[in-house]
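Have a look at the structure below, then the notes.
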There are 2 protein chains.
Amino acid sequence: MADVARRAGVSTKTVSNVLSGNVPVSGATRERVLGAVDDLGYEINVTARILRRGRSGLIGLAVPELGQPYFGELADEVLAAARRHGLHVLIEPTGFAREHELAALRVPRRRLLDGLIFSPAALDQGDVAVLEGLDYPLVLLGEQIFSPRVDHVTMHNVDGARTATDLLLDAGRRHIAALGILSAPTAGASRLRFQGYREALAARGIGVDERLLGRADEGWHRANGARAMASVLDSGVAVDGVVAFNDALAIGAMHELQVRGHAIPRDVAVVGFDDIEDARFSVPSLTTIDPGRREVAQVAVDVLRRRLDERETPHLTGTPPVRHLAALRLVERDSTPPRRA
Amino acid sequence: MADVARRAGVSTKTVSNVLSGNVPVSGATRERVLGAVDDLGYEINVTARILRRGRSGLIGLAVPELGQPYFGELADEVLAAARRHGLHVLIEPTGFAREHELAALRVPRRRLLDGLIFSPAALDQGDVAVLEGLDYPLVLLGEQIFSPRVDHVTMHNVDGARTATDLLLDAGRRHIAALGILSAPTAGASRLRFQGYREALAARGIGVDERLLGRADEGWHRANGARAMASVLDSGVAVDGVVAFNDALAIGAMHELQVRGHAIPRDVAVVGFDDIEDARFSVPSLTTIDPGRREVAQVAVDVLRRRLDERETPHLTGTPPVRHLAALRLVERDSTPPRRA
DNA sequence: CTGAAAGCGCTAACAC
DNA sequence: GTGTTAGCGCTTTCAG
């Protein structure tokens, strides 16, 4: 930067002013500085800037795994939203591991990241104190952990699962399997979606049949959807409907059903959750719950950005924690029978 | 850090030594320092460290889009490989846009990233000079651009497409559609895979029928696979096989075929490219080419890491550019007829 | 093995 | 508007 200043015949401060744009600089000087920058092929050293400013313009996104379509698509949305605000995103896949999630929480404290958007999968309500003790802006995704002192952006899991189950019940199905149950009692989305399933059944006076519950403790992947479906079918119980707790499970389940000769939706109707791109092109296309992924991403970035701004102006701090529930939408496709008009 | 030093009764240098682990420190002092770190809840300021060291331990990964399963899964592999070497990854989705790709190339110059793994989609051979002029380690993925002066990690696209096409020809298919042709003449993978398709046909004395070529200029998404398939079928040409240039296109095409009542593989056999997770659970499951995604990720990180090390020891520099071709593997599933024994 | 002092490259204060 | 000075928090000489 000193070289640029020399060449332009100004001080480094003026160069800094031109490049940061914070302080107005007269037209002629500006041109000269930019000319010198071009001549020398100068690029600013971001690290020094961050050190000096105390803000990096980088936010973290901690999610389990990008290969899972839901998170890959979510990450794209977060990255796009962040870019609109001039922020960059460091993605930290935590692989469903407690230690990786804890490690991810420590990164911003080291001052490289200004804040964190965190979708917990291994940490649970018992770890809420860890999250409340953090001294940087944090936005929590999902309903795995709740704290009145932390910003949340999520969706109404219970409602979504109830809607999905109701759709099958309305179609006259009475032997509805639920796929994606986790053995661990604390797991957020699984428990809530199961609750929605149970509530929908209960509203029609139907009890939960254990044989219809498909576990997926190794993660909500397609392979586990197929496996869970297989174990339900192997139990010998009659099945005419499936509520899968995400689309990947649903697609795995549809695969297994069709391999065994069950027609979808005639013999078995299937509903998923997430509305990933696959859902539109599976065979048959998958009826599912659109959880407002884009809205979640945008709001999460927005809340985080607001907290970062508040930090800059300490006297304005103190907005109460946000709890945003994104709108859900039922997307009906060909894996469920068309509704009677 | 000064606080920690004071509390431990040592100098900041000693604290630094303990935390970085570069210089051995006596056991007792170590304990005292670590104790003070714990007491104060101290976390090192990464930014200052980067500024001083001149290396960040961060590498960039520039890919078009994480929502595309191939890139989401690739990103997971790169992140995992990087983590094994103590590196972090900043993902820069470039959205198939030239300007975003150029922007991504400028980030490392600003000294926040030590190097870059770049999968170009919009830049092409005409931009090779830009890549050759960079003053930081760069690893190029794919065969979109080639330079003898840059490290490449890729796969043999032509072979892969030829193998896929041969499989269909061996099964007696003679009206084989190719999906994923781009109008832009430069586009790497598309052109190469098309070449493999053409070579396989030529080897049996079959010419290319224009009506069998499905364009997908809006990207290799499922939706465009369905659309391309539709336009081929609408042309009225007979079709008994499909080579799709990636799995997403193949899955979209299978959807369209089945909606129109074509049985797979009986009426039309389908082969994809990429072996994304979907391919195992589509209906029917998809025969495809596994491009050695994990190998690509590992080798790319490894090459980059080696270049970073070389930088540290300038006298050892000069290893010639690497050109690594990952091994391809044909994965036969249910979208193609079983082979005669 | 440990301490003192210098400086990585930039920007916030403050003067002019 | 622009120049001067100091310092962000760490690691790296260089002594001891």
Side-chain angles (χ1 to χ4, degrees), chain A residues 1-37 40-58 106-114 135-136 311-314, chain B residues 1-34 36-37 40-58 106-114 135-136 311-313:
Chain A
M1 184 177 261
D3 295 345
V4 174
R6 203 171 310 119
R7 190 179 183 100
V10 297
S11 76
T12 60
K13 171 60 179 155
T14 303
V15 178
S16 169
N17 286 342
V18 170
L19 294 178
S20 70
N22 297 334
V23 179
V25 177
S26 75
T29 322
R30 242 183 88 77
E31 291 311 311
R32 247 182 318 130
V33 169
L34 291 176
V37 166
L40 273 55
Y42 169 79
E43 292 266 4
I44 200 160
N45 182 319
V46 186
T47 313
R49 172 180 275 183
I50 297 173
L51 177 58
R52 182 61 238 218
R53 284 192 176 164
R55 301 192 327 139
S56 64
L58 281 171
R106 290 169 38 136
V107 177
R109 286 221 51 208
R110 301 178 176 187
R111 321 263 61 174
L112 182 59
L113 303 180
D114 293 340
D135 57 352
Y136 57 82
R311 284 206 140 186
E312 302 295 288
T313 53
Chain B
M1 185 178 260
D3 295 345
V4 173
R6 205 172 308 119
R7 189 178 183 103
V10 298
S11 77
T12 60
K13 168 60 179 154
T14 305
V15 178
S16 171
N17 285 341
V18 170
L19 293 177
S20 70
N22 297 335
V23 179
V25 177
S26 75
T29 321
R30 244 183 87 75
E31 291 310 312
R32 249 183 317 131
V33 169
L34 292 176
V37 166
L40 273 54
Y42 169 78
E43 292 267 3
I44 200 160
N45 182 319
V46 185
T47 312
R49 170 180 278 182
I50 297 172
L51 177 58
R52 183 62 239 219
R53 283 192 177 164
R55 300 193 327 137
S56 64
L58 280 170
R106 291 168 38 134
V107 178
R109 287 221 49 209
R110 302 181 175 184
R111 322 263 59 176
L112 182 59
L113 303 180
D114 293 340
D135 57 350
Y136 57 83
R311 285 208 137 186
E312 303 294 289
T313 52

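Residue numbering restarts at 1 for every chain, and letters A, B, ... go by the order of the sequence lines. Computed over heavy atoms, backbone and side chain alike; hydrogens, waters and symmetry mates excluded.
- Without hydrogens or angle criteria, A:Arg32 side chain to A:Ala8 main chain gives a donor-acceptor distance under 3.5 Å.
- The side-chain hydrogen bond (donor to acceptor under 3.5 Å, both in side chains) search around A:Arg30 returns none, not counting sequence neighbours.
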Donor-acceptor list for residues 9-16 of chain A side chains, cut-off 3.5 Å, not counting sequence neighbours:
from, atom 1, to, atom 2, distance (Å)
A:Ser11, OG, A:Lys13, N, 3.3
A:Ser11, OG, A:Thr14, N, 3.4
A:Ser11, OG, A:Thr14, OG1, 3.4
A:Lys13, NZ, A:Asn17, OD1, 2.8

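- The side-chain hydrogen bond (donor to acceptor under 3.5 Å, both in side chains) test applied to A:Arg7 returns A:Asp39, not counting sequence neighbours.
- Between A:Arg111 atom CZ and B:Ile50 atom CD1 the span is 13.5 Å, to the nearest 0.5 Å.
- For the helix from C:dC1-D:dG16 to C:dC16-D:dG1, the terminal axes (five pairs an end, C1' atoms, rotation from four pairs onto the next four) enclose an angle of 30°, given to 10 degrees.
- In this structure, A:Leu51 CG and B:Arg49 CZ are separated by 13.5 Å, a value rounded to the nearest 0.5 Å.
- Nucleotides of DNA chain C lying under 4.0 Å from heavy atoms of chain A occupy a range whose first and last members, 5' to 3', are C:dG9 to C:dA13.
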For this session: Report the C-alpha separation of B:Val18 and B:Thr29 in whole Å, then their side-chain angles, then the decisive distance to 0.1 Å, and conclude whether the side-chain contact (heavy atoms from CB on, under 4.5 Å) test is met.
Result: CA-CA 9 Å; B:Val18 170; B:Thr29 321; 5.8 Å; no
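- Residue contacts for A:Thr47: at a heavy-atom cut-off of 4.0 Å it reaches no nucleic acid atom on any strand shown.
- Side-chain atoms of A:Arg106 do not come within 3.5 Å of backbone N or O of B:Glu43 as any donor-acceptor pair.
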Seminar exercise, completed: Contact string for nucleotides 6-16 of chain D, one letter per nucleotide 5' to 3', B = base within protein heavy-atom range under 4.0 Å, S = sugar-phosphate only, - = neither, reads BBBBBBB----
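- With rounding to the nearest 0.5 Å, the separation of CE in B:Met1 from OH in B:Tyr42 is 3.5 Å.
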